[in-house]
Amino acid sequence: MSAFTTDLPASEQKPHLREFQERLTERLRQAESAPRTARLGMAIGEQRWLVELSEAGEISPVPSTIAAVPLTHDWLVGLVNLRGTLHAMCDLQRFAAGEATPLTKESRLLALSAASGIGAAILVTRMLGLHDTRDWFVVPADEAASTQRPAWIGRSLCDGNGHEWIELSLARLACDPRFLAANR
């Protein structure tokens, strides 16, 4: 079995424990004070996505070692160890028939919540923080395009700056038969 390594220096791959704890404490503080309409924002490729906090698990840097899994679709990047638990690392952009998501120092893995029952994490280009969507408006969808969307892609929303965001249901993604069958 071969392993995939990132081009990131070791100092960027493993933050110091103190820095990690400070960032985690700040995230927890933000999550506690976040309004009920807050969602986790992230960029995958050039698209902005929103995820319900209850569907998201931990966010972590991409590990330096990714174990390749033979005879699987190219969107299954490999297996990674996140805090002692193996997760299938999935490139959602590639899964949606797009280009592969490049790995950079801003890349992160967003694990699906433990409630999903699946040890999987999606590759994120960069995290965009928590967003209160109360005042955002729904972008009218072309009926033909919306019927072709997979169930895990929700509505499109527009924020106050004119940026379009797409709702991503990790719970529905975890139930998608194509997502569950990574083998070729």
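It should be emphasised that the depicted structure is a prediction, and the values quoted were computed from it without experimental measurement. This chain uses plain numbering: 1 for the first residue, then up along the sequence.
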So, the side chain of [X] versus the backbone of [Y]: is there a donor-acceptor pair under 3.5 Å, distance only?
X: Arg178; Y: Phe95; result: yes
X: His73; Y: Asn183; result: yes
X: Arg155; Y: Val139; result: no

Using side-chain heavy atoms (C-beta onward) and a distance below 4.5 Å, is [X] in contact with [Y]?
X: Leu40; Y: Ile59; value: yes
X: Leu130; Y: Leu53; value: yes
X: Leu180; Y: Ile118; value: yes

Taking all non-hydrogen atoms of both residues, which atom of [X] and which atom of [Y] are closest, and how far apart?
X: Ile166; Y: Ser156; result: CG1-OG, 4.1 Å
X: Thr125; Y: Gly45; result: OG1-N, 2.7 Å
X: Thr101; Y: Ile44; result: OG1-CG2, 4.1 Å
X: Asn161; Y: Asp159; result: N-OD1, 2.9 Å
X: Ser113; Y: Ser116; result: O-OG, 2.8 Å
X: Gly78; Y: Ile66; result: CA-CG2, 3.8 Å

Salt-bridge criterion met for Arg39 and Glu52 (N-O under 4.0 Å):
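Salt bridge present between Arg39 and Glu52.
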
One thing to verify: whether Arg134 and Asp132 come together as a salt bridge, which I'm taking to mean a side-chain N less than 4.0 angstrom from a carboxylate O.
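A salt bridge is present here (some side-chain N lies under 4.0 Å from a carboxylate O).
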
For Trp165, the option from Phe137, Trp136, Trp49 that meets ring-ring contact (aromatic ring centres under 6.0 Å, His included)
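Of the listed options, the one satisfying the test is Trp136.
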
Find out if a path of hydrophobic residues (ILVMFWY) with successive side-chain heavy-atom gaps under 4.5 Å connects [X] to [Y].
X: Met42; Y: Leu173; value: yes
X: Ile153; Y: Leu110; value: yes
X: Leu50; Y: Met127; value: no

How about Asp74: does its CG atom have over 12 heavy atoms from other parts shown lying under 6.0 Å from it?
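More than 12 heavy atoms, drawn from other residues, nucleotides or ligands, come within 6.0 Å of this atom.
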
Test Thr85 against Leu82 for side chain to side chain contact (heavy atoms under 4.5 Å, CB included), laying out the working first.
CA-CA 5 Å; Thr85 304; Leu82 300 180; 5.6 Å; no

Does NZ or CZ of Arg172 lie under 6.0 Å from the centre of the six-membered ring of Trp152, at an angle within 45° of the ring axis?
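Verdict for Trp152: no cation-pi partner in Arg172.
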
Hey, mind stepping through Phe179 and Cys90 against side chain to side chain contact (heavy atoms under 4.5 Å, CB included) and telling me if it holds?
CA-CA 9 Å; Phe179 187 76; Cys90 305; 3.7 Å; yes

Out of curiosity, Leu170 CG to Leu112 CG, how far, rounded to the nearest 0.5 Å?
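Atom-to-atom, Leu170:CG and Leu112:CG are 4.5 Å apart.
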
What distance do His131 atom NE2 and Arg48 atom CZ have between them, rounded to the nearest 0.5 Å?
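These two atoms lie 7.5 Å from each other.
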
Val62 pairs by side chain to side chain contact (heavy atoms under 4.5 Å, CB included) with which of Met89, Lys105, Arg108, Glu106?
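Checked Met89, Lys105, Arg108, Glu106 against Val62; only one passes side chain to side chain contact (heavy atoms under 4.5 Å, CB included): Met89.
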
Is there a side chain to side chain contact (heavy atoms under 4.5 Å, CB included) between Leu109 and Val124? Walk through the geometry before answering.
CA-CA 6 Å; Leu109 290 179; Val124 174; over 6 Å; no

